[in-house]
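Here the structure is laid out as structure tokens; the discussion comes afterwards.
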Amino acid sequence: MSIHEGHRQRLKARFVQEGLEHFEEAHVLELLLFYAIPRRDTAPVAHALLEQFGSFAGVMEAPLSALTQVPGVGESAATLLHLTNAIGRYYLIHRTSAQTVLADLESCGEYLLPRFYGTREEMVWALCLDARCKVLACKMLGQGSINATGVPIRRIVEFALSSGATSLVLAHNHPSGIALPSREDVEATSRLAAALDTVGVILADHIIVADEDFISLSQSGIYQRPNSPALPK
């Protein structure tokens with residue numbers, strides 16, 4: 001048995017016994033890279049990744065193309081790192097998707113929050129509800145801001161109509177980590193509310209996500225939605 005094989009077995013056994021709570025970032029990356037780099041010492045690669053991206057979170061959120069630029073990270077290792085983050089997001093989305101009735105805005109925010117897990121790209125999601133606040137559809141409508149060059153308001157309206165929605169909750173993220181709405185966010189909310197109103201759909205809320213937090217423009221008083229019993233409270 002080589003020294004590397006012994007180290008791999010010890011690290012795997014430690015994970016099985018203790019979990020990851022007391023692992024250093026480099027050791028977590030080493031453990032993960034074992035499954036993409038089977039015959040080489042993964043410690044130098046793990047440290048190179050941390051040096052390049054600054055932290056474990058930075059590594060996991062790095063684009064696939066950037067990961068492959070790090071010495072020692074081939075296509076398989078980069079795909080595994082990228083896949084791990086995507087699997088976490090997939091799991092969180094499907095865990096929350098079992099909840100089909102969202103009676104309040106807090107529940108809507110919690111439902112939408114996992115959709116933005118681990119991403120550093122600005123995305124726009126729309127959640128369509130019926131008159132009983134039951135989820136009809138939830139879909140990412142594109143990347144970028146809510147405007148003609150990012151996600152056109154027309155696309156959001158068409159999605160609401162195709163879903164048969166009574167109300168719609170819009171959500172997008174701020175990759176900067178600050179959830180406070182910008183002037184453009186407020187203006188886009190007003191334009192979308194007016195556009196949805198013309199087709200008989202109510203904009204229930206606009207939620208802005210930053211990291212693991214979110215802000216509701218309706219709850220904060222920035223967006224004054226219509227009074228209707230068909231909306232989440």
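Numbers for residues simply follow the sequence, beginning at 1. In what follows, every heavy atom counts, from backbone to side chain, and hydrogens, waters and symmetry copies are set aside. Source: prediction; values computed, not measured.
- In terms of modelled atom types and a separation under 3.5 Å, the side chain of Arg191 and the main chain of Ile153 share no donor-acceptor contact.
- For Lys12, the NZ atom counts as densely surrounded, since its 6.0 Å shell holds more than 12 non-hydrogen atoms of other residues, nucleotides or ligands.
- Within the 4.5 Å cutoff, the side chain of Ile202 has no heavy atoms near those of the Asp197 side chain.
- For Glu21, there are no salt bridge (Lys or Arg N to Asp or Glu O under 4.0 Å) partners, not counting sequence neighbours.
- A heavy-atom distance below 4.5 Å is not found between the side chains of Asn85 and Leu81.
- Scanning all heavy atoms of the two residues, the minimum distance from Pro71 to Val45 falls at O-CG1, 4.3 Å.
- For the residue pair Leu170 and Val124, the shortest heavy atom distance occurs at CD1-CG1, 3.7 Å.
- Residues Phe23 and Arg14 have side chains in contact (heavy-atom distance under 4.5 Å, counting atoms from C-beta outward).
- The number of heavy atoms from other shown groups lying within 6.0 Å of CD (Glu75) does not exceed 12.
- Panel note: side chain Asp130, backbone Arg132; a donor-acceptor pair is recorded below 3.5 Å.
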CA sep, side-chain torsions, deciding dist, call: Leu217, Ile207, side-chain contact (heavy atoms from CB on, under 4.5 Å): CA-CA 6 Å; Leu217 269 64; Ile207 288 171; over 6 Å; no
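- Considering every non-hydrogen atom in both Cys138 and Leu127, the closest pair reads CB-CD1, 4.0 Å.
- In this structure, CE on Met123 lies 6.0 Å from CE on Met140, to the nearest 0.5 angstrom.
- For residues 165-182, the pairs satisfying side-chain hydrogen bond (donor to acceptor under 3.5 Å, both in side chains) are His172-His174, His172-Asp185, His172-His206, His174-Asp185, Ser182-Glu184, Ser182-Asp185, with sequence neighbours left out.
- Residues that satisfy the side chain to side chain contact (heavy atoms under 4.5 Å, CB included) test with Ala77, not counting sequence neighbours, are Leu33, Ala36, Ile37, Val73.
- Proximity of Pro232 to Leu102: side-chain heavy atoms (C-beta onward) are nowhere separated by under 4.5 Å.
- Put simply, the side chain of Leu112 does not reach to within 4.5 Å of the side chain of Val209, judged on heavy atoms.
- Checked by atom type and distance alone, the side chain of Ser163 pairs as donor or acceptor with a backbone atom of Phe159 at under 3.5 Å.
- Hydrophobic cluster membership of Ile87, counting Ile, Leu, Val, Met, Phe, Trp and Tyr whose side-chain heavy atoms lie under 4.5 Å apart directly or via other members: Leu83.
- The closest side-chain heavy-atom distance from Val28 to Leu32 is not below 4.5 Å.
- At least one donor-acceptor pair closer than 3.5 Å links the side chain of Arg8 to the backbone N or O of Phe34.
- A donor-acceptor pair under 3.5 Å links the side-chain atoms of Asp205 to the main chain of Ser218, judged by distance alone.
- Sorted by first then second residue, the ring pair (Phe, Tyr, Trp, His ring centres under 6.0 Å) pairs that include residues 210-233, not counting sequence neighbours, number zero.
- For CD of Glu18, the number of neighbouring non-hydrogen atoms (other residues, nucleotides, ligands) closer than 6.0 Å is greater than 12.
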Ignoring hydrogens and angles, write down the donor-acceptor pairs under 3.5 Å from the side chains of residues 46-68, residues two or more places apart or on other chains.
| from | atom 1 | to | atom 2 | distance (Å) |
| --- | --- | --- | --- | --- |
| Ser55 | OG | Gly58 | N | 3.0 |
| Glu61 | OE1 | Arg120 | NE | 2.7 |
| Thr68 | OG1 | Ser65 | O | 2.9 |

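- Closest non-hydrogen pair, Cys108 versus Val169, comes out as SG-CG2, 4.2 Å.
- Interatomic distance, Lys139 NZ to Ile156 CD1, rounded to the nearest 0.5 Å: 12.0 Å.
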